[in-house]
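Inspection log for the structure reproduced underneath, given as structure tokens.
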Protein chains: 2
Amino acid sequence: MRIIAIPQHECSELLKRVSVGRLACSLDNQPYVVPVRFSYEPDCIYIFSTVGKKIKWMRQNPKVCLQADEIGNSSNWLSVIVTGTYLELSVPQYHTAQLEHARKQLAQCSEWWRIPLARTGDRSLVSSIETVFFRIDITSMSGLRAMYEAEETAQTVGGL
Amino acid sequence: MRIIAIPQHECSELLKRVSVGRLACSLDNQPYVVPVRFSYEPDCIYIFSTVGKKIKWMRQNPKVCLQADEIGNSSNWLSVIVTGTYLELSVPQYHTAQLEHARKQLAQCSEWWRIPLARTGDRSLVSSIETVFFRIDITSMSGLRAMYEAEETAQTVGGL
């Protein structure tokens, strides 16, 4: 088995294929990481959430990191790491075009809206839950692929 | 579907069952999250790694967060979040008992040692790669479970 770096376009392809990743934020240098459902497009990532710990932290420190992967087994996996900046789309200037775009992108993930809202036990409270759409503006993206030796000889991707 | 908090013993059970998680560290409030293979035991988590970005960051800021999950589908998953402190086991006082214990724990994950070492293309360099065993001393642990309504009625775990 060998682990090699993958080019940017392969990172993008993974982010298009998968819709669940792990989002890390940080406050006072304490990191916090949670699973999220996302929708990727070049240069940014869209996420929908209820207002909880991660949103409160990202409002104070917009530096974030998102990791996504496809894991076959311990010798066959692909992992991408994105760093970026949190941008909340519910402030007035994003109400129209950007917010509608985020909604459309995320609507492609079936049931994306059920996960954050499911945290209330009382359905009558759903309308009063504060939710946000946010965007991560990507500043860097890198990826690694683990492969068996047999596959490796057939690949042209440069090694580390 | 509903999402509920799970008790500490269910968090522990998940961490015993799974061996891959996502570890987040932070430097200058920039979070960084990577997949890791780990071995859990009460109060701490053992990890083996080559010395790269995450180790350099955790040496400067030992606050970490680890997330692990079992995802069946969007309405059936379990996720645990651990916060803790990084402790490197290669400093002299840990050379004997603790380090040997970490080795034994991690040896139970087959091939745990291949993943970090696979990042060199030249096998002759393996012996010169700097590696570390480290431990995360757990300070807090919490977990959430998503379940279908039908399952929910059969559960006794308290909702949020």
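Chain letters run A, B, ... following the sequence lines, proteins first, then strands; residues in each count from 1.
The local environment of CG in Asp43(B) is sparse, with at most 12 non-hydrogen atoms from other residues, nucleotides or ligands closer than 6.0 Å.
Note: Cys65(A) leads Pro62(A), Cys65(A), Cys25(A), Pro35(A) in heavy-atom pairs under 4.5 Å with chain B. Interface summary for chain A: among Leu23(B), Ile81(B), Thr83(B), Val33(B), the most heavy-atom pairs under 4.5 angstrom belong to Val33(B).
A donor-acceptor contact shorter than 3.5 Å is absent between the side chain of Gln30(B) and the backbone of Lys63(A).
Nearest heavy atoms, Ser26(A) versus Asn29(B): OG-OD1, 3.0 Å.
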Q: Give the intermediate values and the outcome of side-chain contact (heavy atoms from CB on, under 4.5 Å) for residues Val20(B) and Ile71(A).
A: CA-CA 10 Å; Val20(B) 173; Ile71(A) 299 180; 4.3 Å; yes

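Salt-bridge check for Asp69(B) with Arg22(A): passed, with a basic side-chain N closer than 4.0 Å to an acidic carboxylate O.
Within the 4.5 angstrom heavy-atom criterion, only side-chain atoms of Asn61(A), from C-beta onward, approach chain B.
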